[in-house]
Structures are given as structure tokens and as C-alpha cells.
Amino acid sequence: MIYTYSLNSQEVNITKKEIYRYLGYGRVYPSDEVTALIDECVNEFNKYVNYRACYAKVDISVDEQNEIIDFGFMQVKSHSLTINLRGCESAYIFATTTGSMAERLIMKHNKLSALKGIVTDAIGSASIEDFCDMLNKMLADLSSQNGKFLRPRFSCGYGDFPLEFQPQILEFLDTSRKIGLNITDNLMMTPVKSVTAIVGISDFPTRCRTGCVSCEKTDCEYRK
């Protein structure tokens with residue numbers, strides 16, 4: 001069964017440090033002028049964003065020797081995903097998006113004001129990560145009721161988990177109909193500020209390499 005989940009802008013607190021990171025500030029804080037612009041753009045973004053998600057729980061089979069994970073609707077050969085899901089017999093598959101109106105706001109600012117476009121784009125990136133964190137927490141609370149624990153979420157593009165599996169995930173979750181999330185022939189999700197992920201369900205807590213730590217692209221400007 002596929003479930004839906006949504007939050008309004010008041011329920012998602014966009015992390016300022018993440019916005020700064022996406023703007024390339026690293027450990028340096030922006031000027032008061034830029035900070036004021038960020039606050040202005042966050043307030044505007046919150047009027048347009050529509051946080052929506054859909055998710056499903058599936059049984060999985062992990063072949064550690066051949067590094068193949070069978071999700072029922074797809075089979076993935078991946079060393080890094082095998083490590084992440086080692087010992088799991090089920091997993092959550094989810095997709096999230098900030099919605100089409102937020103996407104149009106970013107596009108408008110990109111055309112009218114380069115600075116506002118860059119700032120609003122960074123806000124969109126930070127906000128979808130914060131929304132994923134909140135969905136993750138909800139799924140963790142749900143799992144804990146059955147004495148289960150969640151592995152860190154793992155997305156297409158992490159490690160050696162290729163983006164080519166993105167269409168299968170979206171088709172399985174019926175994202176086009178349920179949350180208005182689609183994908184182009186060149187594997188670009190629309191709205192762009194969207195995320196898909198796999199979250200393993202385990203009988204015991206564990207720490208796994210994920211996100212920037214698991215990614216081999218060490219020269220990425222957004223690396224934490």
C-alpha cells in the first residue's frame with residue numbers, strides 16, 4: 001500500500017545553516033545584508049511551498065555475496081546500498097517534493113533577479129532536506145512501535161546507486177498522480193526540489209555511511 005504525507009510551511013523549519021551551505025558559505029556566515037535577503041526569500045518561499053510525500057513499505061532480499069538487493073519491483077546491484085541494507089528484510093521507499101508553485105517561484109526569480117534566484121534555489125534545496133528529515137522521523141517513530149530501527153536514508157546517486165533507478169521508484173510510488181512528481185527522459189525530476197530515498201528497517205540500531213560521507217564526489221561544492 002502506498003501512503004501519502006504532507007506538511008504546511010509552518011510545520012517545516014528551514015535550517016539556516018543548510019541555506020548557507022547551499023549558497024557556498026561553508027563555515028563563514030553571510031553579511032547582514034545577505035541574511036536579510038535570505039529571511040525575505042524564506043518568507044516568500046513559505047507562501048508557495050507545498051510539502052508532499054508518498055511512501056511504501058516493501059519486503060527486500062539482500063544478496064551480500066553478489067551485492068544485489070531485490071525490492072520486488074526492481075533489482076539493484078550496488079556495493080554501497082548492500083552495505084547500508086545489510087541485515088534488513090524490509091525497507092521504506094519514499095518520494096518527497098516542495099511542489100510546482102515553489103518551482104515556479106524559483107524560475108521567476110532566476111529570470112528577474114540573479115541574486116534572488118540563487119537564494120531561493122538554495123532555500124528550496126535546504127527545505128526539501130528538512131522535509132525529508134521530518135518524514136524520516138515520522139517513519140522512525142512508526143517503526144519503533146514494533147521494536148524496529150531505521151537505517152540512514154539512501155538516495156539514487158549516493159555511492160554506486162545509479163540515477164537510472166529513479167524512474168522505477170517514481171512509477172512504483174505512482175508519484176505523478178499522488179504528489180505531482182514526474183521525471184524527464186534525462187532523469188531530471190520535476191519539480192526539481194524533490195527527493196527519493198530508500199530507508200532500511202532493522203532489528204537493531206546501527207550507524208551507516210550515507211549522504212556526503214558515502215559519496216565519492218569529494219570535490220562537490222555542497223559537500224558537508
Side-chain angles (χ1 to χ4, degrees), residues 1-15 17-19 21-22 42 45-58 71 73-74 76 81 84-85 90-107 120-143 150-159 161-184 187-201 210-212 214-215 222 224:
M1 182 177 292
I2 299 169
Y3 302 90
T4 57
Y5 177 77
S6 62
L7 293 174
N8 60 49
S9 60
Q10 285 73 39
E11 295 173 295
V12 179
N13 184 26
I14 305 175
T15 308
K17 282 188 176 181
E18 283 296 283
I19 299 174
R21 183 173 68 87
Y22 281 111
V42 167
F45 184 84
N46 282 337
K47 296 176 183 177
Y48 290 85
V49 69
N50 181 20
Y51 297 107
R52 301 177 69 194
C54 54
Y55 64 93
K57 181 180 177 182
V58 298
F71 293 93
F73 67 96
M74 68 177 184
V76 178
L81 188 57
N84 181 276
L85 295 176
S90 58
Y92 287 112
I93 315 290
F94 76 67
T96 61
T97 184
T98 56
S100 59
M101 290 183 66
E103 177 97 329
R104 286 195 286 270
L105 177 67
I106 295 171
M107 293 173 63
T120 308
D121 186 86
I123 291 167
S125 297
S127 71
I128 192 63
E129 289 298 324
D130 287 328
F131 180 46
C132 286
D133 288 344
M134 295 187 73
L135 173 59
N136 248 126
K137 184 181 184 306
M138 185 275 288
L139 295 175
D141 291 343
L142 194 64
S143 299
L150 296 190
R151 299 288 171 86
R153 65 177 178 265
F154 210 93
S155 294
C156 294
Y158 285 5
F161 183 20
L163 290 172
E164 282 72 20
F165 286 97
Q166 202 85 274
Q168 294 182 59
I169 293 174
L170 267 58
E171 181 179 4
F172 171 71
L173 292 174
D174 194 16
T175 59
S176 180
R177 187 173 65 87
K178 290 187 176 296
I179 60 173
L181 174 57
N182 297 286
I183 193 164
T184 65
L187 304 180
M188 179 72 72
M189 289 193 289
T190 57
V192 172
K193 303 306 178 186
S194 302
V195 169
T196 65
I198 294 168
V199 185
I201 304 171
T210 189
C212 291
S214 70
C215 183
Y222 300 124
K224 294 182 181 179

Asker: Please report the C-alpha distance between Asp141 and Lys137 in whole Å, then the side-chain angles of each, then the deciding distance to 0.1 Å, and finally whether the salt bridge (Lys or Arg N to Asp or Glu O under 4.0 Å) criterion is met.
Answerer: CA-CA 6 Å; Asp141 291 343; Lys137 184 181 184 306; 3.1 Å; yes
Asker: Tell me the closest heavy-atom pair linking Pro191 and Gly180, and the distance in Å.
Answerer: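 That closest heavy-atom pairing would be CD-O, 3.6 Å.
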Asker: For the side chain of Ser155 and the backbone of Thr196, is there at least one donor-acceptor N/O pair under 3.5 Å apart?
Answerer: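 Pair found, side chain donor or acceptor close to backbone of Thr196.
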Asker: Ser127: which residues meet the side-chain hydrogen bond (donor to acceptor under 3.5 Å, both in side chains) condition with it, sequence neighbours left out?
Answerer: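 Scan of Ser127 (side-chain hydrogen bond (donor to acceptor under 3.5 Å, both in side chains), adjacent residues dropped) gives none.
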Asker: Verify whether one side chain among Asn182 and Thr190 offers a donor that lies under 3.5 Å from an acceptor in the other.
Answerer: no
Asker: Working to the nearest 0.5 Å, report the span between SG of Cys54 and NZ of Lys178.
Answerer: 7.5 Å
Asker: To the nearest 0.5 Å, how far apart are OG in Ser6 and CZ in Phe131?
Answerer: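 The distance works out to 7.0 Å.
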Asker: Is Leu135 close to Tyr92 at the side-chain level, that is, under 4.5 Å between some pair of heavy atoms?
Answerer: no
Asker: Work out which heavy atom in Ile93 is nearest to a heavy atom in Leu173; give both atom names and the distance.
Answerer: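 Result for this residue pair: O-CD2, 3.8 Å.
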Asker: Give, for atom CD of Gln10 and atom CG of Asn46, the distance between the pair rounded to the nearest 0.5 Å.
Answerer: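 So the gap between those two atoms works out to 7.0 Å.
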Asker: Do Phe45 and Ile14 touch side chain to side chain, with heavy atoms closer than 4.5 Å?
Answerer: yes
Asker: Find out whether Leu85 and Ile198 are in side-chain contact, i.e. whether some heavy atom of one side chain is under 4.5 Å from a heavy atom of the other.
Answerer: yes
Asker: Holding to side-chain hydrogen bond (donor to acceptor under 3.5 Å, both in side chains), I want the full list of residues that pass it with Asn13, two or more places apart in sequence or in another chain.
Answerer: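 Not a single residue meets the side-chain hydrogen bond (donor to acceptor under 3.5 Å, both in side chains) criterion with Asn13.
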Asker: Quick one: does Gln168's side chain get under 4.5 Å of Phe71's, heavy atoms only?
Answerer: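 No - every pair of side-chain heavy atoms lies 4.5 Å or more apart.
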Asker: Can you pull out every side-chain hydrogen bond (donor to acceptor under 3.5 Å, both in side chains) where at least one residue sits in residues 48-57? Sequence neighbours excluded, please.
Answerer: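 side-chain hydrogen bond (donor to acceptor under 3.5 Å, both in side chains) check on residues 48-57 returns no pairs.
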Asker: Donor-acceptor pair, distance only, cut-off 3.5 Å: does the side chain of Asp130 make one with the backbone of Val12?
Answerer: no
Asker: With the side chain counted from C-beta on, respond yes when Ile169 and Met74 share a heavy-atom pair under 4.5 Å apart, and no when they do not.
Answerer: yes
Asker: List the atom of Ala95, the atom of Ile179, and the distance in Å for their closest heavy-atom pair.
Answerer: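 Where Ala95 meets Ile179 most closely, the heavy atoms are O-CD1, 3.8 Å.
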Asker: Are Asn84 and Tyr158 close enough that some pair of their side-chain heavy atoms sits under 4.5 Å apart?
Answerer: no
Asker: Rounded to the nearest 0.5 Å, what separation is found between the CG atom of Leu170 and the CG atom of Leu181?
Answerer: 4.5 Å
Asker: Can you name the nearest heavy-atom pair linking Pro167 to Leu187, along with the distance?
Answerer: CG-CD2, 3.6 Å
Asker: Check step by step if side-chain contact (heavy atoms from CB on, under 4.5 Å) holds for Asp133 and Thr15.
Answerer: CA-CA 11 Å; Asp133 288 344; Thr15 308; over 6 Å; no
Asker: How many angstroms lie between CD in Glu103 and OG1 in Thr97, if you round to the nearest 0.5 Å?
Answerer: 7.5 Å
Asker: Check whether Glu11 reaches the backbone of Asn8 with its side chain - one donor and one acceptor, N or O, closer than 3.5 Å.
Answerer: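 Yes.
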Asker: Answer whether the closest heavy-atom distance between the side chains of Ser194 and Ile128 falls below 4.5 Å.
Answerer: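 Contact flag for Ser194/Ile128 side chains = no.
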Asker: Fit a plane to each ring of Phe165 and Phe161, take the angle between them on a 0 to 90° scale, and name the class: parallel (under 30°), tilted (30 to 60°) or perpendicular (over 60°).
Answerer: tilted
Asker: If you draw a 6.0 Å radius around OH in Tyr3, do more than 12 non-hydrogen atoms from other residues or ligands fall strictly inside?
Answerer: no
Asker: Identify the residue among Arg21, Arg153, Lys17 that makes a salt bridge (charged side-chain N to carboxylate O under 4.0 Å, His left out) with Glu129.
Answerer: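 Considering Arg21, Arg153, Lys17, a salt bridge (charged side-chain N to carboxylate O under 4.0 Å, His left out) with Glu129 is found only for Arg153.
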Asker: Under a 4.5 Å cut-off applied to non-hydrogen side-chain atoms, are Lys193 and Ile106 in contact?
Answerer: yes
Asker: Is Met188 atom CE crowded by more than 12 heavy atoms from other residues, nucleotides or ligands, each under 6.0 Å away?
Answerer: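 Not more than 12 within 6.0 Å, no.
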